[in-house]
Amino acid sequence: AELMTNTAFSPSLFSMEILVHVATVVAMMENMPPFAVAVHTGQVSISPMTDGSFNRLFLLKGLRGTETLVRRQRPVKPRQRASTHGPDGELFQQIEQARHRLHREQADARTIRGLIAGRIFQLVEVTETELVDRAEQFTALGYNVRCYGLWLIRLLRGKDDNGTVATRASAIAAAFFPYFVGSPFCRWSELDWISNLASAMDDHETSQATASYRRFVDFLVEARLTPKTTIPWQAQAFRKSALHYPVQMLSPQEFEAALAASSLHFIPAGIRPLLRVKMILGFDLGLRSMEATNLKLRHFIREPEPVIEIRITKTASGIRNLHLSKLMVVHHLVEIWQFVDQRYRETGGNLDAPLLATVEHPEPYDSSYLASLAGLVLREVIAENLCFHHLRHSFASWFLLRWLRAVRPDLFNGVNIPLFEQQIFEEPLLSALRQLLFGLREPKIGEVAFSHGLVALCRLLGHSSPATTLSSYCHTVDVLSNLIL
């Protein structure tokens, strides 16, 4: 209004587009980061945090003390596991173990892919033609698992790169239980495919899910393992929603309560320390579940300062080094190194040994199984539908506020929110974060305001673009903006 009053132009000449540009300039003059301006002017759509998370973390509604965070109730069952489905479920698990030997960035990939395909063929024990002819000899699940195995063999022997093979297979594996177990694919109608795939899309919505389902169905039709069908792939049910749904988050205080809950009776005693380590890697460093699961002892560097090398990851952009002392609270760092040292002793110093394993279970535990257990303990302490991946979301969103406090501590004067009194928002981690962002020098002019924190967060998460980081993982932009203004 003041801008309009002080100009010779009539207010009617100002369009909404012009006002947005004026607001953008004003916001940037107030040192509002460009990414925040982009969000508030509607140029970028982001996922907010849920009302429950915001009320609990910032308005203190329903915030409980650490000693009462563990709710006394019957635990929610973990996600359904293949091993609960008898021999055919075990077959699925064995196929998945073979598939997980394929890494996205892997030398001599063609030879390894051939070995994996050969191992899967040994497990399914039929060709495509033989499975068509002998369909009645198998249970519904047995038939469908063998279809999946034969499709994997086709992918492994094809021209897709390792990353595409892993992405396609992961989408089908994630949807297999319960959507692909009821009846054999050879009896599925068009309606069966549409209803089950739409439900799977709701539960496992990813940008690549529809393409993966389509490849799978096309293979089954071509191999005559399912009747020819016409699926409306362009229908809304098979599209990744453009809407950004609210995301659950948890505070450092609640995370400590969740770690304590990992000792409750429904978590197998032998893997409790291992589960704690995986959860810490998710919350303190933002690791994906599969990134944590695929860590080996050689990926932990102690000198000259503690670093984790992320080498087995989702995409080439995910390959990164994370400086632990710059990001983690001290007691979590100590716990990580104690576990690494224990595994080093257990394996006789074998640097290729997996981190998340035990003497009794020398192979790495299934990533989905550990993630489901993490979800159990998270839901045990917080009355929201949290899963392991929300640890990564929380890391990202808290990092934005930690960045702001590290570069503009004056903005937090007089802010009476207990969240900002927790260790990740205090020294010495703030100084460590400044060093991570700017080295030992002072920031250059404009470097603080102009989205340096978002770019750093993008790299820490292993994203190829800050746009992905901002739209899908930064749920505290409104809080950050309110602190600045």
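By convention here, the first residue in the shown sequence is residue 1.
When all heavy atoms are compared, the tightest approach of V455 to P466 is CG2-CG, 4.5 Å. Between T358 and G270, the closest heavy-atom pair is CG2-O, 3.8 Å.
For Q422 (side chain) and Q253 (main-chain N/O), a donor-acceptor pair under 3.5 Å exists by modelled atom type. Side chain of R392 to main chain of L461: a donor-acceptor pair is present (N/O by atom type, distance under 3.5 Å, no hydrogens or angles). Checked by atom type and distance alone, the side chain of H361 never pairs as donor or acceptor with a backbone atom of A357 at under 3.5 Å. In terms of modelled atom types and a separation under 3.5 Å, the side chain of R402 and the main chain of I424 share a donor-acceptor contact. The main-chain N or O of F180 is found under 3.5 Å from a side-chain atom of N144 such that the two form a donor-acceptor pair. Remark: side-chain polar atoms of S397 are paired, donor with acceptor, to backbone N or O of Y473 under 3.5 angstrom. Looking only at distances, no side-chain donor or acceptor of S262 sits under 3.5 Å from a matching main-chain atom of R276. Judged by distance alone, with hydrogens and angles left aside, the side-chain atoms of R320 form a donor-acceptor pair with the main-chain N or O of G318 at under 3.5 Å. Remark: the backbone N or O of M249 is paired with a side-chain donor or acceptor of S53 at under 3.5 angstrom. Using modelled atom types, one side-chain atom of S263 and one backbone atom of A260 make a donor-acceptor pair closer than 3.5 Å.
For the 3.5 Å distance criterion, the side chains of E256 and H331 qualify, holding a donor opposite an acceptor. There is a side-chain donor-acceptor pair under 3.5 Å between T164 and D161. For the residue pair Q248/T50, the side-chain donor-acceptor check at 3.5 Å is not satisfied. T468 and H463 share no side-chain donor-acceptor pair at under 3.5 Å.
The 12-atom threshold is not exceeded at CD of E363, counting heavy atoms of other residues, nucleotides or ligands nearer than 6.0 Å. Atom CG of D51 is surrounded by 12 or fewer heavy atoms from other residues, nucleotides or ligands within 6.0 Å.
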- [ ] Dump the intermediate steps for side chain to side chain contact (heavy atoms under 4.5 Å, CB included) on I484 and L480, then the final yes or no.
- [x] CA-CA 6 Å; I484 293 174; L480 176 143; 3.6 Å; yes
TODO: Start with the C-alpha gap between I280 and M328, add the side-chain angles, then the distance that decides, and say whether side chain to side chain contact (heavy atoms under 4.5 Å, CB included) holds.
DONE: CA-CA 9 Å; I280 289 171; M328 302 180 73; 3.5 Å; yes
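In this structure the side chain of L419 reaches within 4.5 angstrom of the side chain of F425, judged on heavy atoms. Between L457 and W403, the closest side-chain pair of non-hydrogen atoms is not below 4.5 Å. A heavy-atom distance below 4.5 Å is not found between the side chains of F399 and T469.
Note: F92 and F176 have tilted aromatic rings, judged against thresholds of 30 and 60 degrees for the angle between ring planes.
Under a 4.0 Å N-O distance rule, the pair R302/D341 qualifies as a salt bridge. Looking at E427 and R434, a side-chain N of the basic residue comes within less than 4.0 Å of a carboxylate O on the acidic one, giving a salt bridge.
Distance OG/S251 to CZ/R56: 7.0 Å, rounded to 0.5 Å.
Among residues two or more places apart in sequence or in another chain, the side-chain contact (heavy atoms from CB on, under 4.5 Å) test is passed with V334 by V330, Q338.
If you run side chain to side chain contact (heavy atoms under 4.5 Å, CB included) between E309 and each of N321, I319, L322, only N321 comes through.
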